[in-house]
Amino acid sequence: AQSVTQLGSHVSVSEGALVLLRCNYSSSVPPYLFWYVQYPNQGLQLLLKYTTGATLVKGINGFEAEFKKSETSFHLTKPSAHMSDAAEYFCAVSETNFGNEKLTFGTGTRLTIIP
Amino acid sequence: GAGVSQSPSNKVTEKGKDVELRCDPISGHTALYWYRQSLGQGLEFLIYFQGNSAPDKSGLPSDRFSAERTGGSVSTLTIQRTQQEDSAVYLCASSLSTGGHGYTFGSGTRLTVV
């Protein structure tokens, strides 16, 4: 069975500082990996995804993540935090099974930006 | 439509009543998923549709929960005899069938059982 661990349920960074949100996964097959962001009272929005190929993936809003198979990690980073980045972030893994790409989510990390 | 539409956005119901939650996916998206988001359990998978068929219902928590999809489009999640533990945000998502495209989520229905 697949699982996702997000270290740190709350992370605070100063505006302009590096954002690093950690995600480790377990999967019995090569996974698809995703980061989603959720703003208050909204659904989840896809930030970026890894399926195959280049292990460093770039997403929207200046975020990127690197798939490291040896570490079973998919950490999310952004060089310089903006106030608008304050939200909850979810890492997720999918093991495709005949078209069923259901996701297993981590418990989420709430990102606070300090002015 | 341009996005995934869910209705109602908020629903308050009395314990024991039945509720229906609606999801209108993006046109052309053959895969449709329902998830539940609650404080205690996080984001949980409920059911997966491919077209009108539901090959994976493994996440439905009890036989009080059912879902259907018609015309390869609109889906309805029905909860019978609601309980307080059913209070949560119910999220619908749709995607192209395969290839790791990721989902487009709706804004959810916040269900409160009183």
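Annotation: side chain of B/Tyr35 is in contact with side chain of A/Lys102 (closest heavy-atom distance under 4.5 Å). Within the 4.5 Å cutoff, the side chain of B/Thr104 has no heavy atoms near those of the A/Leu46 side chain. Side-chain contact check for B/Leu43 versus A/Leu103: every heavy-atom pair is 4.5 Å or farther apart.
Contact annotation for B/Ser58: only side-chain heavy atoms (C-beta onward) come within less than 4.5 Å of a heavy atom of chain A. There is no contact between A/Tyr50 and chain B, counting heavy-atom distances below 4.5 Å. Neither the backbone nor the side chain of A/Gln45 comes within contact range of chain B; no heavy atom of the residue lies under 4.5 Å from a heavy atom of that chain. B/Gln37 touches chain A through its side chain: at least one heavy atom from C-beta onward sits under 4.5 Å away, while N, CA, C and O do not.
For A/Phe105 and B/Phe45, the ring centers sit 6.0 Å or farther from each other.
Following chains of ILVMFWY side-chain contacts shorter than 4.5 Å, one can reach A/Leu33 starting from A/Leu48, so the two form part of one hydrophobic cluster. Side-chain heavy atoms closer than 4.5 Å link hydrophobic residues (I, L, V, M, F, W, Y) into clusters, and following such links, even through other members, never connects A/Leu44 to B/Leu46. Connection of A/Leu47 to A/Phe74 is established within a shared hydrophobic cluster, with ILVMFWY side chains joined at heavy-atom distances below 4.5 Å, either directly or through further cluster members. In terms of hydrophobic clustering, with Ile, Leu, Val, Met, Phe, Trp and Tyr side chains grouped at heavy-atom distances under 4.5 Å, A/Val11 and A/Met83 are assigned to a common cluster. When the side chains of ILVMFWY residues are joined at heavy-atom separations under 4.5 Å, either directly or via intervening members, A/Tyr39 and A/Val13 end up in a single hydrophobic cluster.
Atom CD1 of A/Ile60 sits in a crowded spot, with more than 12 heavy atoms from other residues, nucleotides or ligands closer than 6.0 Å.
Using the six-membered ring where Trp is involved, B/Tyr103 and A/Tyr36 have ring planes that are tilted, between 30° and 60° apart.
To the nearest 0.5 Å, the span separating CG on A/Asn100 from CZ on B/Phe49 amounts to 12.0 Å.
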